[in-house]
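Remember, predicted model here, so these are calculated numbers, not experimental data.
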Amino acid sequence: DDKGSICGFVTRNTTAKKGSSTAKFCNTSNKCPIYNKSGILFNFCEAKKVVPPLIITESYLDTITLVSKGVHNVVGIGATALTDEHIELIRNHEINNIILSLDFDKAGVEATSKYVNQLSGRPGLALSIKVLPEGFHDEEVVDPEDYVRKYGIDAFKSMPVIGAFEWKLLNSDYRSEPYDLAIKTVPIIANEPSFIEREKQCKVLAKHTGVDLQVIKEELERVSNVESARKTAM
């Protein structure tokens with residue numbers, strides 16, 4: 001757990017194949033009173049000492065591989081979803097710079113999209129995403145572990161990192177659902193600590209979606225006020 005105490009065990013079945021009914025991982029049951037997977041980030045007890053930024057990966061093996069190569073500011077969600085408890089743990093340690101480095105397949109992109117939305121609307125939380133280099137194609141590489149083992153840790157460190165706002169626009173079909181995109185993207189802008197950068201992002205979003213700039217700014221103020229009120233109530 002975050003204090004370095006052992007609270008569970010996990011094993012990987014190396015013979016399990018993708019698409020088979022055989023479980024890939026077997027871990028301590030959630031019925032165990034000290035094992036709460038939804039509140040534990042693998043390696044957080046060490047990563048919190050060397051942040052920011054905090055790199056979040058999907059699996060234990062992604063984290064283990066990166067740590068073995070000297071990257072210690074990394075945690076693994078561990079075969080579960082990023083939860084509000086995970087986010088609260090991170091914020092309680094005053095970590096305000098997060099890099100998502102999830103799998104590169106369709107499921108990984110969908111998870112990234114989900115977590116970008118989940119981590120948005122939190123002023124002061126810098127959020128970015130590690131992405132594959134432009135034009136990269138290798139069917140054998142589906143996650144950070146694969147990438148590091150095949151191309152090396154320096155290549156991983158050199159991978160492009162883009163902000164959540166830019167990532168959202170690049171991975172959304174704003175032509176078909178412009179208003180939906182505006183609603184989901186304004187909270188991302190709320191994270192941005194720089195008022196100048198906020199102004200710039202609001203203008204870009206207005207241009208992409210056709211939503212009036214003033215309306216976007218008013219929604220941004222509303223989202224920011226909601227988060228401020230939530231913090232005050234805590």
Side-chain angles (χ1 to χ4, degrees), residues 51-59 62 66 71 73-77 81-84 86-87 90-91 95-138 141-148 155-211 216 219-220 223-224 227:
V51 294
L54 179 69
I55 301 173
I56 297 179
T57 68
E58 288 192 45
S59 78
D62 289 330
L66 289 169
V71 178
N73 57 322
V74 58
V75 297
I77 300 170
L82 184 68
T83 67
D84 289 338
H86 290 144
I87 297 172
I90 293 169
R91 298 306 298 271
I95 297 170
N96 295 310
N97 189 342
I98 293 174
I99 298 176
L100 296 178
S101 184
L102 308 185
D103 291 358
F104 310 124
D105 55 11
K106 182 180 178 181
V109 172
E110 290 175 350
T112 299
S113 180
K114 176 183 177 182
Y115 300 157
V116 165
N117 291 335
Q118 194 173 348
L119 290 162
S120 298
R122 303 170 190 271
L125 177 62
L127 177 62
S128 52
I129 297 92
K130 257 189 183 295
V131 297
L132 290 170
E134 187 175 355
F136 180 89
H137 180 73
D138 187 336
V141 174
V142 297
D143 57 31
E145 179 202 4
D146 294 334
Y147 195 90
V148 171
F156 176 82
K157 290 179 179 179
S158 299
M159 287 175 65
V161 177
I162 63 175
F165 177 79
E166 181 182 356
W167 188 92
K168 187 70 175 179
L169 295 187
L170 289 172
N171 289 273
S172 300
D173 185 2
Y174 56 86
R175 294 179 180 85
S176 62
E177 296 291 344
Y179 288 97
D180 183 58
L181 174 62
I183 290 171
K184 292 180 178 178
T185 306
V186 166
I188 297 175
I189 300 175
N191 285 36
E192 175 57 52
S194 168
F195 288 105
I196 295 175
E197 188 62 27
R198 281 190 181 191
E199 176 80 8
K200 176 183 174 182
Q201 292 179 359
C202 284
K203 289 180 178 179
V204 171
L205 184 61
K207 182 178 179 180
H208 272 69
T209 61
V211 178
I216 289 177
E219 177 65 7
L220 175 60
V223 170
S224 298
E227 176 61 13

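- For the pair Q201 (side chain) and F165 (backbone), a donor-acceptor distance under 3.5 Å is absent.
- Nearest approach of M159 to K130, heavy atoms of both residues: O-NZ, 3.7 Å.
- Relative ring orientation between F136 and Y147 is described as tilted, the plane-to-plane angle lying within the 30° to 60° band.
- For the pair N191 (side chain) and L119 (backbone), a donor-acceptor distance under 3.5 Å is present.
- A heavy-atom distance below 4.5 Å is not found between the side chains of P52 and N96.
- Atom-to-atom distance recorded for E199:CD and L220:CG is 10.0 Å, nearest 0.5 angstrom.
- Note that CD1 of I56 and CG of D62 are 12.5 Å apart. Values are rounded to the nearest 0.5 Å.
- Separation of atoms CD1 (I99) and CD1 (I162) is listed at 12.0 Å; rounding is to 0.5 Å.
- Among all heavy-atom pairs drawn from V116 and A164, the shortest one is CG1-CB, 4.2 Å.
- Distance check, rounded to the nearest 0.5 Å: OG of S172 to NE2 of H208 gives 9.5 Å.
- Side-chain atoms of D143 come within 3.5 Å of backbone atoms of E145 as a donor-acceptor pair (strictly under, hydrogens ignored).
- Residues N117 and K184 share a closest heavy-atom pair of OD1-O, 4.0 Å.
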Would you check, one step at a time, whether the test side chain to side chain contact (heavy atoms under 4.5 Å, CB included) holds for E110 with K114? CA-CA 6 Å; E110 290 175 350; K114 176 183 177 182; over 6 Å; no
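- L127 CG to Y115 OH: the interatomic distance, rounded to the nearest 0.5 Å, is 13.0 Å.
- The local environment of CG in L170 is crowded, with over 12 non-hydrogen atoms from other residues, nucleotides or ligands closer than 6.0 Å.
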Give the C-alpha distance, both sets of side-chain angles, the deciding distance and a yes or no for side chain to side chain contact (heavy atoms under 4.5 Å, CB included) between Q118 and D84. CA-CA 8 Å; Q118 194 173 348; D84 289 338; 3.7 Å; yes
Show your reasoning for whether side chain to side chain contact (heavy atoms under 4.5 Å, CB included) applies to R122 and I87. CA-CA 11 Å; R122 303 170 190 271; I87 297 172; 3.7 Å; yes
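- In summary, of the residues considered (V131, T57, I129), a side-chain contact (heavy atoms from CB on, under 4.5 Å) with L100 occurs for I129 alone.
- Between A190 and S224 the shortest heavy-atom distance is CB-OG, 4.0 Å.
- The nearest pair of heavy atoms linking S101 to P144 is O-CG, 3.4 Å.
- The CG atom of L82 sits 10.5 Å away from the CD atom of E58 when rounded to the nearest 0.5 Å.
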Take V75 and I90 through the side chain to side chain contact (heavy atoms under 4.5 Å, CB included) test and state the conclusion after the steps. CA-CA 11 Å; V75 297; I90 293 169; 5.9 Å; no
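- Looking at E192, its side chain never comes within 3.5 Å of a backbone N or O of R198 through a donor-acceptor pair.
- Panel note: side chain S113, backbone V109; no donor-acceptor pair is recorded below 3.5 Å.
- A heavy-atom distance below 4.5 Å is found between the side chains of I216 and V186.
- L169 places a side-chain heavy atom less than 4.5 Å from the side chain of L205.
- When all heavy atoms of P187 and V223 are compared, the pair lying nearest together is CA-CG1, 4.1 Å.
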